[in-house]
Amino acid sequence: MTNNPGLDLAQLQALRTLPHNLDQIRDRIADHLATHDGYVALSGGKDSLVVLHLALQVDPNVPVCFFDSGLEYPETYTFLADLADAWSVKLQLIPARINALQLLVDDGSWDHRAPDHPGGPSLGTVHITEPARIAHERHGDGELWGVRAEESRGRAIAYARALAAETARSCAGTCQNRRSTHGGVIRRVDGTVAYGPIWNWKTHEVWAYLARHHVPSNPVYRKLQDLGAPEHFQRISNVLDANRLEEGRAAWLKRGWPDLFERLRSVLPRLGEYV
C-alpha cells in the first residue's frame, strides 16, 4: 500500500471560487487613494494582509502603518518585518503613547491590592484613535483597513448604516448594486474616510484568497490552531485585554506562551484567576 498524504487543505482553499469582483475592488481602492490619499492599516492579521495585497497591486508605494500597542504577540513583530522585506514595503510602526501593559497596570482592576483608579485613557483611544491621527497627519484623510462586518454585530451595524448614508449621498439609492458600488466606506466626524475592501467577505473567503495568492499568514494563527483554540479565538490583536477572559482567552495564552503568561501575571495578579 502506498502512503497517502491525504487532502491538502491549503490547496483546497486555493481552489475555492470567490464571489467577489476583484477588478472592481481594485478600482475602488485606486479611486479611494486618488480621492483621499491615506494609508493601509496593517495589524498582521489575515484580513489586513488581504487588503495590503490588493492595495499593492494598485499602488506598490502605498503607505503602510502598524499601530504598535507594545503588547503584541512576539511572532507578529518578526512576521511583519519579514513581510515588509519580502514585499519591499516601507512599514511605518507607530508606537502607542502609553504601552498597553502600563495601561492595564494603571487601571488597577488586575490587582485586588491596588488602589482604586479614577479612570484613565482607554485602550481604544491610545492604541487606535491616537496612532490613526498621526497616520492621517502624515498621509491624508484616507484609510484602507481589513475590518469585516462578519466579525461582530457592532461592525455589521456600522457598515449597514454607512452604506445607507453613502448611497443616499452618492446616488440617492438608485444604484442596482449598492453594496459593491458603495459598501465598505465609513466617513468619520473628523473628516477621515475609511474603506474596507473586504468588508462583506466571509472568513473562509479570506483564507481562500491568501491560499490562492500564496500570501503567508502570521504564525500565531497556526499556533492557536495547533493548541485547539476555537476560530473566534484565532485573531491577531493585543496579547491581552479585558475581552473574552471568561471564555478562556487567558488559558490559550498560558498554553501557547507560558513564559509570557507568567511575566504578565507577575504584574497583573488577577490574570491567574482566568485559567
Side-chain angles (χ1 to χ4, degrees), residues 9-33 36 38-67 72-73 75-76 79-92 128 132 135 142-152 155-156 158-159 162-163 179-186 193-222 224-225 231-232 234-237:
L9 295 180
Q11 183 181 24
L12 178 61
Q13 286 178 325
L15 292 173
R16 300 184 72 163
T17 301
L18 290 174
H20 304 285
N21 186 331
L22 297 183
D23 287 335
Q24 183 183 35
I25 291 174
R26 284 187 285 263
D27 287 344
R28 290 194 62 191
I29 290 173
D31 180 69
H32 181 82
L33 292 173
H36 307 290
Y39 62 96
V40 175
L42 182 65
S43 69
K46 62 186 186 301
D47 303 321
S48 64
L49 279 174
V50 172
V51 173
L52 175 60
H53 191 264
L54 288 166
L56 289 173
Q57 296 170 52
V58 174
D59 180 1
N61 297 311
V62 64
V64 182
C65 297
F66 171 66
F67 303 161
E72 310 290 333
Y73 285 101
E75 294 90 340
T76 295
F79 172 72
L80 289 178
D82 291 344
L83 184 75
D85 182 61
W87 288 5
S88 299
V89 170
K90 294 181 179 179
L91 180 62
Q92 302 175 34
I128 299 177
E143 178 179 2
L144 295 168
W145 64 358
V147 173
R148 293 186 295 118
E150 186 187 49
E151 293 178 299
S152 72
R155 291 178 175 181
Y159 273 127
L163 176 58
R179 288 170 62 87
S180 60
T181 304
H182 301 298
V185 175
I186 294 182
V193 183
Y195 170 45
I198 62 170
W199 71 279
N200 59 341
W201 288 30
K202 304 298 184 183
T203 298
H204 69 83
E205 294 168 351
V206 172
W207 286 117
Y209 181 96
L210 295 176
R212 177 172 296 184
H213 295 278
H214 306 288
V215 177
S217 61
N218 193 318
V220 172
Y221 286 117
R222 173 59 62 186
L224 289 170
Q225 290 167 8
E231 185 175 284
H232 62 274
Q234 297 172 21
R235 301 182 67 178
I236 306 301
S237 61

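Aromatic pair Tyr209/His20: ring centres not closer than 6.0 Å.
Within the 3.5 Å criterion, the main-chain N or O of Glu143 finds a donor-acceptor partner in the side chain of His32.
Taking OH of Tyr39 as the reference point, atom CH2 of Trp145 lies at 9.0 Å (rounded to 0.5 Å). Once rounded to the nearest 0.5 Å, the distance linking CZ of Phe67 with CG of Leu42 reads 10.0 Å. We find the CD1-CD1 distance between Ile198 and Ile25 to be 8.5 Å, quoted to the nearest 0.5 Å. Atom CH2 of residue Trp201 and atom NZ of residue Lys46 lie 12.5 Å apart, to the nearest 0.5 angstrom. Rounding to the nearest 0.5 Å gives a distance of 5.5 Å between CH2 of Trp207 and OH of Tyr221.
At a threshold of 4.5 Å between non-hydrogen side-chain atoms, the residues Pro216 and Trp87 count as touching.
Residues passing the side chain to side chain donor-acceptor pair (under 3.5 Å) test with Gln92, sequence neighbours excluded: Arg138, His139. With sequence neighbours left out, the salt bridge (Lys or Arg N to Asp or Glu O under 4.0 Å) criterion links Asp85 to no other residue.
In this model, a donor atom of one side chain and an acceptor atom of the other lie less than 3.5 Å apart for Thr203 and Arg148.
Using a cut-off of 4.0 Å between Lys/Arg side-chain N and Asp/Glu carboxylate O, Asp31 and Arg28 are scored as not salt-bridged.
Between His53 and His213, the ring planes lie tilted relative to each other; the angle falls in the 30° to 60° range.
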